[in-house]
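Please read the structure below before turning to the comments.
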Amino acid sequence: MPESPESSSPLSFVPRSYSLPRDIPRQSRYNFRHLQLLRQNVSSSPLRVIAHLDLDAFYAQCEMVRLGTPPETPLAVQQWESLIAINYAARPFGITRMISAVEAKKRCPGLVLQHVATFREGEGGRWAYRDDAAGSIRTDKVSLDPYRAESRKILSVVKEDLSRWRTRLAGVEERGSEPWLQPARLEKASIDEVFIDLSSLVFGALLQRFPKMRECPTGEERTTALPPLSAGALEWAKECALVDLDEQEAEGDAPDWDDVAMAIGSEIVYSIRKAVWEKLNYTSSAGIARNKMIAKLGSGCNKPNRQTIVRNRAVHRFLGGFKFTKIRMLGGKLGDQVTALFGTEEVSELLKVTLDQLKARLDDDTASWLYGIIRGEDNTEVNPRTQIKSMLSAKSFRPSINSVDQAEKWLRIFVADLYGRLVEDGLLENRRRPRTVTLHCRQGAQDRSRQLPIPTGKTIDEMGLLELSKTLLGQAAVDGRTWPCANLSLSVGGFEDGVVNNRAIDEFLVRGDSIASMTTRSNASATTDESRLAEKKRNANITSFFKREHRSAGELGIGELLNVRDPPESKDLDISGQSVDDLDKMALEKTEDANFPFWEDKIASYICNRCEKSVPSFERNEHEDWHFARDLEARDKQAAKTSHGMQMASLRASNDSGKAKTRGDSGRRGDGKSEKGQTRLAFG
DNA sequence: ATGTCGGAG
DNA sequence: GGCTCCGACAT
C-alpha cells in the first residue's frame, strides 16, 4: 500500500550511525586507488554504488495522482478491454494484467477503471481522456503522452535532488567553473525506471565524513589500504531492507568500505524517493548494489515503496535464489536455450557449470558473459544518454483495414502524435531534428517498411511529415499486397543535434568527460595512437582544471573546500550517531595540500613504464590510476561486453550447428585479452 | 543508407 | 496483448 516513505516507519533503509574504529582494527580490502576510481564513476571500481529506481505500477499511479484517488482505492488502467497497470490496492482482489476489464470488475466491484487517453480520428490530433474510449477501438489510438509527461517531472525531481547532494557534498558554491565533485550519472532506462551511478557522490560523502580518507598518499603509496573499520562501525536501521549476507559472512564481522559506500548510497536514494513522494506524490522502489544488474533485481524485491540493499557480501546468496531468466538478456530465447542446454532455470544450479562447459555449448563471448553475470559481475556503464533516438506512433487494427483511405486517416493521427513529441524534444528551438521517417505495416505475417530522408534545411511541420508519410504509404501499397493491414506505424529517427557553437561543444567535452568514459572509449576502439593522444589530451584538460580549481579554492583556504560539516539530512534522517565526535576531532587535524588526491605542484615529467609515454609529474597519480582502472576492467572485459548481439549470433549459429559461434569481427579482443577463466574481480 | 528481424519493458 | 524503443545484420 503506497504511503510516504517517511510515514512507513521513521528512517527506514538508512544506517543509524557511522563510526571510526574503536576496537581491533581490521585491514580494509580496499586501497586509496579504489577510492579514487569512485570519484570518476569508473565502472570497474569495487566500491561502486549503483541504484535502480523504479516507480510502482507507474501508469496506475499516474491516474491516481491525476484523479486524486487515495492510496487505498483499488485502481486499474484500462486499454480497450484489457488492463495494463494495476495499483497495489487492487492486487489483493486477484486482479492481474491479463484479465479483462469485465472480469476485474467482477472480482472487485469497487475498482476504479480508468481508460488511457486516446487520439480520435477527426479530432485535431489532440489526445484526451474519453468516457467511451474502451468501445472506440476502431476510431481511437492510445496516447501515452500523459505518462511521458509525468515521467519527465519525476526525472527532474530526481535530478534536482541529486544535484542538491552534489552541491552539499562539494561544500562550495558553484562559481561557473567545473565543480571538483562529478555529478551523479543518470540513465533513463524506460518510462518508469532510472539507473543512477552514485559513485562520485559517495566519494564526496566519504571524504566529507571521514577526514582520514582525504589523506590520500601519492605514487606507490596509493595502494595503501584504507583505514580500518571496527565491527560496530556501521549500524543499519532495523527496518532496513538488507539482503542477507552470504553463508560465509556474518553480520557481526567488521564492515568494510564497500558496506559504508552502500549505506551512503542508500541514504541518497532514500532522499530521492522522499523528494519524489513529497513533490509529486509518487511512490517508488529501489535497489542499491554494486552494479546495474544486481540493483535492478534488487528494486523488484520489496515492492512497493521500499528500497533493497544488496551488499557485496550478500550478492551470491541473493543471486542464488533467482531463476536466471530474471536476469536482463536471459528473459527471451537465450534464456530458453540455456534452460534447454543445462536443464535448469536456477542460478544456483547453473553456478555448478564450469566456464569450459558453458563454452562447449555456447559461443565464447556468450559463455563468458553468462559465467560472469550469474556470479554478479556486470561492469556496464550507467549511460547518461538522455536523448531519444527514435519516435514511433503505431496502431494495431482489429479488424484489419483495407484501403489507402483508411490508412491515411491514421497517418494524420500518427503525424500529430509524433509532431507533438518532436516539439517537446526541441524541434522548434532547432535543438534536435530527425533525419528519416519510416512507415511500417504488417499484413498477416508479412512486415514491410519504407523509409525516406527528411529534407534537410527545411522546417519540419505536420504538413510536411504527412506528405512524406503518404508518399511512403503509396510506395508500400503499390502492389496491393499490404491489404488487409493489421498494423501500421510511423516513426522518425536518425536524430541530429541542431546548430550549437563549437566552443560550447569543446567545453562540454572537457567538462563532461571522465576517466571512466575515456577508458570505455579506448576499449571500444582498439587503442590507436590517436585515441591515446585524445585521452591524454582530455586527461591534461581535466588535470589543468583541477589545478585551476585548486587555485581558486586556495583563496578560500583548502580546508574549506573539503571541510567537515554536518552530514546532509543528518537531522531529518537521524544518521549522525556518535560519529560526530570523531569527525570533529579529525577535522582539527591539519591537512596538507600534498595529501590531497588530485593535484601536486611539480613540473617535471616522467616516463610511464606501462605505456612508455612521457607524463607530467603532476599527472602521475591520475595516470597511474588510469592504468589501474584499465587493469581492473581488463579482468572482466568479457563480462562488460554487452550481449544483444551475442545472443543473436549465438542463437542463429546454434540453429545451424550444434555450437554457437561468434561471427564477423565482433569477437575481437581488446588489448586486455587476458587469461581464460580469469574474469573475477579480486574484490567483491 | 535502407530494410528486416527480434528482444525487452 | 499493445505500444515503444533499441540494436544487429544483410543488402
Side-chain angles (χ1 to χ4, degrees), chain A residues 52 54-55 57-59 77-85 96-101 115-119 127 133-134 137 140-148 151 187-195 293 296 299-300 325-337 365 383 385-398 410 413-414 417-418 421 425 434-442 445-454 472 475-476 486-495 641-653 655 662-666:
Chain A
H52 180 255
D54 194 11
L55 279 298
F58 182 54
Y59 293 177
V77 180
Q78 187 180 352
Q79 181 175 282
W80 317 133
E81 280 311 313
S82 42
L83 307 181
I84 56 172
T96 66
R97 270 161 74 90
M98 282 296 89
I99 67 173
S100 71
H115 199 280
V116 295
T118 58
F119 294 100
W127 56 260
I137 188 168
D140 288 17
K141 165 178 159 38
V142 166
S143 170
L144 299 178
D145 275 1
Y147 309 137
R148 289 195 195 96
S151 178
E187 174 180 335
K188 180 167 180 172
S190 76
I191 196 165
D192 65 347
E193 291 171 66
V194 288
F195 287 102
M293 186 267 298
K296 163 116 192 163
S299 69
T325 48
K326 297 291 177 200
I327 296 172
R328 198 166 62 128
M329 309 265 88
L330 289 168
K333 296 196 176 176
L334 178 59
D336 292 346
Q337 189 191 14
D365 286 338
N383 199 337
R385 89 189 131 80
T386 247
Q387 310 280 41
I388 288 173
K389 290 181 182 160
S390 68
M391 282 177 196
L392 178 145
S393 186
K395 168 81 180 169
S396 294
F397 304 110
R398 51 168 290 256
W410 289 105
I413 288 176
F414 295 161
D417 181 13
L418 292 177
R421 287 159 62 188
D425 192 51
R435 256 193 329 238
T436 59
V437 56
T438 310
L439 179 132
H440 289 257
C441 46
R442 191 166 71 230
Q446 187 81 6
D447 262 321
R448 71 164 50 176
S449 70
R450 291 294 177 268
Q451 179 172 161
L452 278 173
I454 295 171
L472 289 168
Q475 290 178 13
N487 184 283
L488 190 65
S489 72
L490 191 69
S491 62
V492 290
F495 281 85
K641 276 192 182 184
T642 51
S643 42
H644 203 75
M646 299 182 336
Q647 269 182 73
M648 308 298 291
S650 115
L651 288 166
R652 231 187 299 278
N655 288 339
T662 304
R663 38 195 57 210
D665 61 353
S666 68

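Model, not experiment: these values are computed from the prediction. Naming convention: chains lettered A, B, ... in sequence-line order (proteins, then strands); numbering from 1 in each chain.
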Spacing between [X] atom [atom1] and [N] atom [atom2], to the nearest angstrom:
X: A/H440; N: C/dC6; atom1: NE2; atom2: P; value: 13 Å
X: A/M329; N: C/dA8; atom1: CE; atom2: C1'; value: 12 Å
X: A/D145; N: C/dC5; atom1: CG; atom2: P; value: 10 Å
X: A/Q451; N: B/dG3; atom1: CD; atom2: C1'; value: 8 Å
X: A/D192; N: C/dC5; atom1: CG; atom2: P; value: 13 Å
X: A/F195; N: B/dA8; atom1: CZ; atom2: P; value: 14 Å
X: A/L330; N: B/dA8; atom1: CG; atom2: P; value: 8 Å
X: A/Q475; N: B/dA1; atom1: CD; atom2: C1'; value: 14 Å

Check side-chain hydrogen bond (donor to acceptor under 3.5 Å, both in side chains) between A/W80 and all other residues, then give those that pass, not counting sequence neighbours.
none

Any ion pair linking A/D336 and A/K333 (charged N to carboxylate O, less than 4.0 Å)?
no

I'd like to know if the side chain of [X] reaches the main chain of [Y], judged simply by a donor and an acceptor atom lying under 3.5 Å from each other, with no hydrogens or angles considered.
X: A/R421; Y: A/L392; result: yes
X: A/K395; Y: A/V142; result: no
X: A/R435; Y: A/F495; result: no

Side chain of A/S190 only, please: which of B/dT2, B/dG7, B/dG9 is the nearest?
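So the side chain of A/S190 is nearest to B/dG9.
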
May I ask you to evaluate whether A/S449 reaches the phosphate of B/dG3, defined as a side-chain N or O under 4.0 Å from OP1 or OP2?
no

Please list, for nucleotides 1-4 of chain C, all pairs of protein and nucleotide N/O atoms separated by less than 3.5 Å.
residue	atom	partner	partner atom	Å
C/dG1	O6	A/R97	NH2	3.1
C/dG1	N1	A/R97	NH2	3.1
C/dG2	O4'	A/Q79	NE2	3.2
C/dC3	OP2	A/S396	N	3.1
C/dC3	OP2	A/S396	OG	2.8
C/dT4	OP2	A/K141	NZ	2.7
C/dT4	OP2	A/A394	N	3.3
C/dT4	O5'	A/L392	O	3.2

Verify side chain to side chain contact (heavy atoms under 4.5 Å, CB included) between A/L488 and A/F414, making sure each step is shown before the conclusion.
CA-CA 10 Å; A/L488 190 65; A/F414 295 161; 3.9 Å; yes

